[in-house]
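To keep things clear, I will list the structure first and then write my remarks on it.
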Amino acid sequence: MPDAILELRDVRSGYGEGIVLDGVSASVPKAGSLAVLGRNGVGKTTLLLTIMGFVPLRAGAVFFAGEDVSAMHPHQRARRGIGWVPQERDIFPSLTVEENLTVAARKGRWDLDAVYSLFPRLRERRTNMGNQLSGGEQQMLTIARTLMTNPSVLLLDEPLEGLAPIIIEELTAAITRMAKDEGIALVLVEQHATVALGLTEDAIVIERGVVAHRGRSADLLKDEKTLDRYIGMNLEPG
Ligand SMILES: Nc1ncnc2c1ncn2[C@@H]1O[C@H](COP(=O)(O)OP(=O)(O)OP(=O)(O)O)[C@@H](O)[C@H]1O
């Protein structure tokens with residue numbers, strides 16, 4: 001697929017002797033968005049870790065902007081433009097919000113003004129230390145910090161996990177705005193299928209190491225039978 005920013009070809013990966021993903025293929029168009037769905041433990045996080053290079057490939061390949069990055073270290077992939085937003089809210093606790101943002105900065109459309117306009121709460125908290133933030137604010141800062149590196153694709157690992165409804169609303173609004181940004185593609189791992197499908201154009205469902213279903217997010221959102229079969233109860237946040 002020539003217009004793909006990210007492409008996984010028959011990806012096989014796992015931990016030690018164990019194989020988690022066993023032939024996963026998927027692609028994300030430039031400025032497109034892909035939801036990665038599936039029950040607990042099917043390998044959604046492993047998929048993101050494999051894209052970043054933290055979990056080694058056993059077979060297959062990962063292409064970014066047409067280049068095979070399979071043999072590259074995670075920091076090389078990050079420098080190429082793959083932005084990873086980990087689940088565990090990775091910020092510097094003893095730096096201020098603004099320092100957390102500026103240490104990550106690379107030239108591009110996402111600068112302090114742009115991320116503050118996406119997350120007004122961070123502008124209000126700009127002089128607070130990282131460890132003085134609520135869980136939701138830490139999640140916003142983790143996303144904003146990755147945006148400051150001006151990635152071409154952003155990998156989001158369960159960004160809404162454990163957050164209060166009001167913060168979930170703010171974050172989904174921000175993710176919607178990011179998804180509309182011409183310059184950035186999204187891969188969104190999320191347990192809550194309806195939220196993830198509302199935020200993305202395309203979706204894959206992983207089961208037993210392979211892509212069990214793929215399609216347009218809007219179509220899957222209406223397809224209760226398929227959702228129930230592959231994902232079960234995790235349809236709503238909370
Ligand atoms: N560091 C690790 N070492 C060994 N096995 C691991 C490791 N991390 C994850 N696994 C296993 O790999 C499988 C996939 O885990 P992964 O976290 O990718 O799933 P997930 O779909 O993201 O799950 P969840 O929705 O619960 O976050 C699970 O069986 C898990 O126990």
Side-chain angles (χ1 to χ4, degrees), residues 6-28 33-62 64 69-70 73-75 77-78 82-90 135-136 138-139 142-143 146 153-164 167-168 171-172 175 185-200 202-215 217 220-221 226-238:
L6 188 66
E7 196 182 348
L8 282 72
R9 291 189 194 161
D10 266 327
V11 161
R12 184 167 217 252
S13 69
Y15 306 90
E17 298 289 297
I19 293 296
V20 176
L21 303 175
D22 197 6
V24 168
S25 294
S27 73
V28 186
S33 51
L34 179 74
V36 180
L37 307 175
R39 291 177 197 270
N40 280 345
V42 293
K44 302 182 296 295
T45 296
T46 303
L47 183 73
L48 298 188
L49 294 173
T50 307
I51 294 170
M52 276 318 288
F54 291 118
V55 169
L57 271 183
R58 305 286 175 68
V62 176
F64 174 71
V69 298
S70 309
H73 289 290
H75 70 269
R77 300 187 201 199
I82 308 181
W84 183 50
V85 181
Q87 207 171 0
E88 47 283 343
R89 294 170 200 161
D90 180 25
Q138 288 182 22
Q139 181 62 277
T142 307
I143 295 173
T146 308
V153 62
L154 198 61
L155 313 179
L156 293 159
D157 194 357
E158 299 200 31
L160 310 175
E161 182 68 21
L163 300 179
I167 301 290
I168 290 185
L171 265 173
T172 49
I175 294 170
L186 301 180
V187 179
L188 175 62
V189 164
E190 196 37 73
Q191 294 261 359
H192 307 302
T194 49
V195 176
L197 292 171
L199 289 169
T200 51
D202 300 301
I204 56 172
V205 182
I206 299 181
E207 193 178 65
R208 296 202 190 94
V210 298
V211 176
H213 181 90
R214 73 176 78 231
S217 299
L220 186 53
L221 199 51
T226 304
L227 278 177
D228 191 48
R229 174 164 166 212
Y230 292 121
I231 300 156
M233 304 303 288
N234 287 315
L235 295 183
E236 298 293 342

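Both counts, for ligands and for their atoms, begin at 1 and track the order of listing.
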The residue among Leu37, Thr226, Ile204 that forms side chain to side chain contact (heavy atoms under 4.5 Å, CB included) with His213 is Thr226
Result for side chain to side chain contact (heavy atoms under 4.5 Å, CB included) between Ile206 and one of Val20, Val42, Thr46 points to Val42
Does the pair Val55 and Leu21 meet the rule for a side chain to side chain contact (heavy atoms under 4.5 Å, CB included), with working shown?
CA-CA 11 Å; Val55 169; Leu21 303 175; over 6 Å; no
(Q) Checking Val62 against Leu57 for the side chain to side chain contact (heavy atoms under 4.5 Å, CB included) test, could you report, in this order, the C-alpha distance in whole Å, the side-chain angles of both residues, the deciding distance, and whether it holds? (A) CA-CA 9 Å; Val62 176; Leu57 271 183; 4.3 Å; yes
Pocket residues around ligand 1 (non-hydrogen, under 4.0 Å) come out as Tyr15, Val20, Arg39, Asn40, Gly41, Val42, Gly43, Lys44, Thr45, Thr46, Glu158, Gln191
Practice problem: Take Gln191 and Lys44 through the side chain to side chain contact (heavy atoms under 4.5 Å, CB included) test and state the conclusion after the steps. | Solution: CA-CA 9 Å; Gln191 294 261 359; Lys44 302 182 296 295; 4.2 Å; yes
Taken to the nearest 0.5 Å, the spacing of Leu186 CG from Leu6 CG works out to 11.5 Å
